[in-house]
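Worth knowing before you read on, the calculation uses all heavy atoms, side chains too, and leaves out hydrogens, waters and symmetry mates. Letters A, B, ... mirror the listed sequences (proteins, then strands); counts begin at 1.
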Protein chains: 2
Amino acid sequence: MSGKRSISPATRERVERVIEELGYHPNSGAQALAGSRTNIIGLVVPFRPNIDMTVIAEFMAEIASRARARDYDILLVTADEGPAGLRRLVGRSLCDALILMEVGSEDDRIPVAKSLGVPVVLIGVPQDSEGLHCVDFDFQGAGETCVDELADLGHTEIALLAIDPESKKGQANFSVRFRRGVERAAQRRDVDIRALVMEPNHSDASRVIEQMLALDPPVTGLILQHSDAPDPVTAVLLEHGRTPGADIAVIGLCPDALAERLRVPMTTVQQQASEVCRRAMETLFRMLNHEIPTTGEVDLVPVSLVRRSSMNRAPAVNGYIHAIS
Amino acid sequence: MSGKRSISPATRERVERVIEELGYHPNSGAQALAGSRTNIIGLVVPFRPNIDMTVIAEFMAEIASRARARDYDILLVTADEGPAGLRRLVGRSLCDALILMEVGSEDDRIPVAKSLGVPVVLIGVPQDSEGLHCVDFDFQGAGETCVDELADLGHTEIALLAIDPESKKGQANFSVRFRRGVERAAQRRDVDIRALVMEPNHSDASRVIEQMLALDPPVTGLILQHSDAPDPVTAVLLEHGRTPGADIAVIGLCPDALAERLRVPMTTVQQQASEVCRRAMETLFRMLNHEIPTTGEVDLVPVSLVRRSSMNRAPAVNGYIHAIS
DNA sequence: CTGAAAGCGCTTACAG
DNA sequence: CTGAAAGCGCTTACAG
């Protein structure tokens with residue numbers, strides 16, 4: 001018996017010693033059958049191309065270790081099994097609960113996720129999240145923060161080096177949400193945004209930045225959406241004699257490690273994968289323990305701004321100094 | 001009954017129809033208990049920092065999909081559970097077989113892997129691989145191929161932009177094996193190699209390449225070991241007026257997609273993750289079907305050279321044209 | 001080709 | 001606090 005009923009210290013110790021000696025491990029299949037719980041969590045991972053596997057892996061690591069901390073294991077399922085995969089997992093009683101990663105706006109797994117009868121947490125925000133527990137970064141807030149930070153420094157002509165929205169068709173909607181945040185804040189702050197689609201490599205950065213430098217009125221602030229953009233963009237700006245933090249203000253979305261090792265360390269909005277995972281796993285375990293119902297709502301992790309050296313005030317224009325809010 | 005004994009077409013069809021109608025799924029715990037097989041493969045994944053998760057994810061995707069193709073599922077285990085994790089997996093009968101990724105030279109999981117009593121395949125080549133099935137890229141061959149290709153074009157002064165060997169201490173040994181290949185071939189071809197340790201970002205590439213350009217006798221060929229090096233290195237070379245394929249020959253190790261979208265598409269040795277996974281899974285399934293014993297040997301996937309535009313002949317030196325072998 | 005018994009190794013209730 | 005029965009949903013032999 002494992003922990004369910006009271007036991008005298010004497011026999012407990014005796015049993016524990018024998019377990020140790022014999023190297024006893026309970027048979028998981030028998031436990032699952034008799035106890036009707038598997039102690040396994042199904043993790044549905046997107047292995048499509050065009051997804052940043054570095055961040056997916058960060059999530060997997062965090063989720064797996066949090067699961068083990070509560071004596072759960074992780075069953076890895078690829079997203080391309082689709083809705084039928086989810087049915088199989090719970091139909092065959094392969095797991096007690098599910099986590100779906102990279103859930104898109106119109107995800108065909110949403111309806112079956114709702115009717116599965118086991119706890120489910122989504123990472124991402126679908127259009128119709130009604131009744132589902134969803135956890136994600138607040139990408140819209142991140143976009144707003146970037147614009148606000150630039151506007152606070154007096155910038156009114158801003159370029160957004162954007163992820164191609166076409167490349168993410170039908171996938172996760174974080175780039176759309178970020179951009180929506182940028183646009184809302186731009187309107188609110190009465191600031192100009194020029195969006196330039198860019199691939200995150202040196203030659204495309206070169207192309208796009210030359211385009212940007214030709215713009216009139218001149219751009220003084222830059223928002224980088226793609227997490228691989230900072231290295232090539234910083235390099236190209238320096239090649240053109242524009243030092244981030246002195247000649248042009250740069251802010252964006254990327255891992256801290258990258259931001260810090262740039263020639264000019266970049267101000268970023270932080271995406272804490274661990275915090276998203278912590279919340280997702282916490283609500284999953286609460287559902288498994290029947291502490292909360294299996295229906296839930298959207299839980300957005302607020303962004304936090306990390307100021308480094310890539311931001312500067314907007315230069316005076318025509319002798320007029322921008323009012324700083 | 002699923003497939004084990006003969007059955008009349010009539011009843012078969014009747015049963016299949018009912019299965020369909022009722023949405024029947026066999027209970028995996030009961031199957032495991034009664035059949036003493038789980039149809040689950042344990043996959044032990046390294047989530048340490050300093051590992052390229054892009055390639056790890058490529059392996060996971062390939063392994064998971066090949067497993068599903070034979071009706072196996074994947075249990076995800078993090079490498080930091082160590083040897084005890086392996087014992088737990090088979091002790092609790094959570095899986096029928098194991099795959100260990102990123103196995104290092106002196107891996108403390110090796111001895112227990114040998115005594116586990118279930119089929120195991122390692123991805124990587126430990127020092128003591130005796131009796132274990134190991135599959136990996138032939139990194140040594142890759143290193144040799146790079147040097148041979150340069151030497152064939154007449155280059156005798158070659159720089160290796162290398163991964164810091166310290167950063168991989170106690171981890172997988174592929175960078176050591178690549179470098180060993182480079183050194184062996186250099187000796188064999190009587191060619192000079194200067195190794196320069198580099199981090200794969202634009203500013204470190206800049207530092208290292210300036211260092212390289214100052215070398216005497218001048219370097220005419222470049223080997224890139226780090227798969228993230230090609231973009232920044234190509235950029236820095238062009239900044240210094242050296243066009244790969246015209247002024248300097250460049251070859252290296254990186255994904256095809258990256259090599260092809262560079263300003264000068266780069267000649268590379270190809271690392272086919274899918275081929276490594278295919279072989280690993282093939283031998284695993286053969287073991288599971290008792291077609292081969294659970295003891296095995298090292299299986300290295302040969303590299304294949306993909307020529308693109310980054311290579312040129314060595315320039316004539318002092319009026320003397322190098323003899324081409 | 002088909003039926004029906006035994007048993008896989010546990011957990012859960014039910015007695016003591 | 002402890003013992004012993006029943007049963008979880010299958011697979012595997014063993015009969016017919």
Side-chain angles (χ1 to χ4, degrees), chain A residues 1-42 67-68 70-73 75 86-97 116-119 285 287-290, chain B residues 1-42 67-68 70-73 75 86-97 116-119 285 287-290:
Chain A
M1 291 277 142
S2 9
K4 276 254 161 106
R5 68 193 209 181
S6 45
I7 197 171
S8 71
T11 51
R12 160 186 290 274
E13 204 215 324
R14 192 160 49 88
V15 169
E16 278 172 353
R17 195 157 37 75
V18 174
I19 286 180
E20 197 61 35
E21 271 171 27
L22 272 54
Y24 169 80
H25 291 276
N27 179 296
S28 63
Q31 281 186 314
L33 184 56
S36 56
R37 58 206 291 288
T38 60
N39 264 38
I40 289 177
I41 293 168
R68 289 300 304 132
R70 307 233 190 178
D71 205 33
Y72 277 83
D73 272 292
L75 197 77
L86 308 187
R87 287 214 191 78
R88 185 178 67 88
L89 286 187
V90 341
R92 302 203 52 191
S93 298
L94 276 161
C95 60
D96 302 330
L116 239 30
V118 301
F285 288 127
M287 287 192 273
L288 284 167
N289 297 334
H290 305 289
Chain B
M1 292 274 145
S2 10
K4 277 251 160 109
R5 67 192 210 182
S6 46
I7 196 169
S8 71
T11 50
R12 161 185 291 276
E13 203 216 323
R14 192 160 47 87
V15 169
E16 278 172 352
R17 194 157 38 75
V18 174
I19 285 179
E20 198 59 37
E21 269 171 28
L22 272 55
Y24 169 79
H25 291 278
N27 178 295
S28 63
Q31 279 186 316
L33 185 57
S36 55
R37 57 206 291 288
T38 60
N39 264 37
I40 289 177
I41 293 170
R68 288 300 304 133
R70 306 234 189 178
D71 204 34
Y72 277 82
D73 271 292
L75 197 76
L86 308 188
R87 287 213 191 78
R88 183 178 70 87
L89 285 188
V90 341
R92 302 203 52 191
S93 298
L94 274 161
C95 61
D96 300 332
L116 239 29
V118 301
F285 288 127
M287 288 193 272
L288 283 167
N289 297 335
H290 306 287

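Taking every heavy atom of both residues into account, A:M287 and A:P119 meet most closely at CB-CB, 3.7 Å.
A search for side-chain hydrogen bond (donor to acceptor under 3.5 Å, both in side chains) contacts involving A:T38 returns A:D96, not counting sequence neighbours. By the side-chain hydrogen bond (donor to acceptor under 3.5 Å, both in side chains) test, B:R88 pairs with A:D73, B:E81, sequence neighbours left out. Not counting sequence neighbours, the partners of B:A30 by the side chain to side chain contact (heavy atoms under 4.5 Å, CB included) test are A:L33, B:N27. Applying the side-chain hydrogen bond (donor to acceptor under 3.5 Å, both in side chains) rule to B:N39 yields the partners B:R37; only residues at least two apart in sequence or on another chain are considered.
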Is there any protein nitrogen or oxygen under 3.5 Å from a nitrogen or oxygen in nucleotides 8-10 of chain D, and what are the pairs?
residue	atom	partner	partner atom	Å
D:dC8	O2	A:A34	N	3.4
D:dC10	OP1	B:Y24	OH	2.9
D:dC10	OP1	B:N27	N	3.3
D:dC10	O5'	B:Y24	OH	3.2
D:dC10	O5'	B:N27	N	3.4

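Checking side-chain atoms of A:R92 against main-chain N and O of B:P26 turns up a donor-acceptor pair under 3.5 Å. The closest donor-acceptor contact from the side chain of A:S93 to the backbone of B:S28 lies at 3.5 Å or more, if one exists at all.
Base-pairing analysis of DNA chain C finds the following stems of at least three consecutive Watson-Crick or G-U pairs, with both pairing distances under 3.5 Å: C:1-3 with D:14-16, C:5-12 with D:5-12, C:14-16 with D:1-3.
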